[in-house]
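We count residues from 1, following the sequence as given. Owing to the predicted nature of the structure, the values given are computational and were not obtained by experimental measurement.
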Amino acid sequence: MPAPITLARAISLALVTVPCAVSAAQFDYSVYTGIEHSNNITLSQNNPISQNVLIPGVDFTYQRQGSTFQANIIGALEYRDYLGSRFDNQTQTELAAQTNWTVLPKRLDFAVEDYAGIQPVDSLASNSPTNQQQTNVLVAGPTLHVQFGNTLRGQLDLRYINSYASRDEEFNSSRVGTAARLFRDVSPTDQVSANVEFQRVDFSNATGANYDRYEAYVGYASQLAMFDADILLGGARLNFDDSRSYSSPLARATLGWRPTAQSTFSLSGAYQYADAAQDMMIAPGLLTLNDVGGTNFTGGLNNISGIGTGSTVIDSQVYEERLLQLSYAFTGVRTTLSITPAYRKLDYLNDATFNQVARDLGVTLGYRLRPNLVLTVFGAGERLQYQSFARTDNTIRYGVDLSRQWTRHWSWHASVIRQRQNSDAPDQSYRETQIFFSVVYRR
């Protein structure tokens, strides 16, 4: 599928519901134009290239909780004009969209999800303009609901999943999955479930990578005023077409605690089989409008000036993932603070080249100097170790952002960012300084 078609599909999904009932939903958007200067845009160790980039774009959120249609959509579209024509100009899209149409109340739903982003072509090389590609994961299918009583109900899901990358065809796949679930409400705030899932995965251009996936697990969910939990435990099995098979325990958990109105703690972890397509499926409710476009200074090691580039290895491989992430957020009258340490270990089943351990820490501190003037200091660090060969990348990114809201709709941002990487790999260490300024119109 050509990139423009994928782009059009993502934008159409995000905007299709806007004209039908804007009054019954919340639709917000911002239009921005930014100019970025980098003294080393290719992140090169020995041959830095100074570059100015003009970045016009638009980002948007759309939320609706109606009786027949529900949606949670967040996205951005921007054009990167590399002034001086040293690099090809790019149109980039980022989208996380979940929509649901209630065909028959309490009986039949139809869900459509779409996740678009920018990922590297070669994750072992530096993140230069020539090492980026558009990716997209589309999910669609019906859900059948069955009510067995006041507290017991069943659910049957059927899903089609399509994954696409504009340059790495090994990522392209078609998947068909089904899931049977049984839910029981044990109290007004607590629920238990039993789940069985199956998925058939067929890759377009990856010999020997096709497989069947089976998962069975039990779940527990609780939502209280100050605490919530979502925990599942079970097992998973993969059967590849070349007669290889793998089995592993399955565990996922998310815990949240709100000791005060200003403070929130959350802890999430996973022990599971995953792949690049699954890694891209995120919940749009975890993002905010500023996280997608404009000045994304909360994006860890990603590019803050607009849409950032991820770090997912784009291929057909399945890996065993161990993930643990803790986050703390404080929101005061004038001060905001977020701290997010994380640990992630990936063991690939077919090719151990990309086996890795990553340790991350991100900190963002914001202070309102005046009612319309906010100063933000941010920093992120990552230690990435590849276990199959002698390579360790230590990356640090830090900077400051000043934003001013001069009218109800108009604001500007000015940022200075410094990043450096020390790597054992030849020619993969670098230093870079970015200066970014943008003007934003927000609805």
Check your understanding: Is Q223 atom CD crowded by more than 12 heavy atoms from other residues, nucleotides or ligands, each under 6.0 Å away?
Key -> no
Practice item. Please check if atom CH2 in W412 has more than 12 non-hydrogen atoms from other residues, nucleotides or ligands closer than 6.0 Å. Key: yes
Check your understanding: Can V196 and Y214 be said to form a side-chain contact (heavy atoms from CB on, under 4.5 Å), step by step?
Key -> CA-CA 8 Å; V196 178; Y214 303 87; over 6 Å; no
Does a donor on one side chain sit under 3.5 Å from an acceptor on the other, for [X] and [Y]?
X    : Y    : result
Y115 : E113 : yes
N72  : Q98  : no
T143 : R159 : yes
T395 : D393 : no
S263 : Y328 : yes
E78  : Y32  : yes
D401 : S415 : yes
Y217 : E197 : yes
Q26  : D28  : yes
R344 : Q325 : no
D59  : S30  : yes
Q65  : Q70  : no

Side-chain donor or acceptor of [X] paired with backbone N/O of [Y] under 3.5 Å:
X    : Y    : answer
S163 : S173 : yes
N131 : S126 : yes
N195 : R181 : no
Q132 : I118 : no
H409 : R442 : yes
E170 : D168 : no
T178 : D157 : yes
E169 : S204 : no

Review point. Would the F69 and W101 ring centres measure less than 6.0 Å apart?
Key: no
Review point. Under 6.0 Å between ring centres, would you say that holds for Y62 and F60?
Key: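 No, too far apart.
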Between [atom1] of [X] and [atom2] of [Y], what distance do you get to the nearest 0.5 Å?
X    : Y    : atom1 : atom2 : result
R244 : N350 : CZ    : CG    : 4.0 Å
N150 : D185 : CG    : CG    : 10.0 Å
E320 : Y273 : CD    : OH    : 5.5 Å
N422 : R383 : CG    : CZ    : 10.5 Å
L224 : T189 : CG    : OG1   : 5.0 Å
I417 : Y398 : CD1   : OH    : 11.5 Å

Review point. Is the shortest side-chain N to carboxylate O distance from R213 to D275 below 4.0 Å?
Key: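 No, this pair does not count.
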Review point. Are any of the side-chain nitrogens in D228 or R258 under 4.0 Å away from the carboxylate oxygens of its partner?
Key: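 Salt bridge present between D228 and R258.
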Point to revise | Within-4.5 Å side-chain heavy-atom neighbours: F265 and F227 | key: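 Counting from C-beta outward, F265 and F227 never come under 4.5 Å.
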Check your understanding: Passes side chain to side chain donor-acceptor pair (under 3.5 Å), Q134 versus N136? Steps please.
Key -> CA-CA 7 Å; Q134 184 76 53; N136 195 83; 5.9 Å; no
Exercise for review: Check the angle between the aromatic planes of Y386 and F389 and answer parallel, tilted or perpendicular using the 30° and 60° thresholds.
Suggested key: parallel
Review point. Hey, what's the ring geometry for Y211 with F240, parallel, tilted or perpendicular (30° and 60° as the breaks)?
Key: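 Because their plane-to-plane angle lies in the 30° to 60° range, the rings of Y211 and F240 count as tilted.
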Exercise for review: Please assess R252 against D230 for the test salt bridge (Lys or Arg N to Asp or Glu O under 4.0 Å), listing each intermediate value before the final yes or no.
Suggested key: CA-CA 8 Å; R252 302 188 193 106; D230 192 350; over 6 Å; no
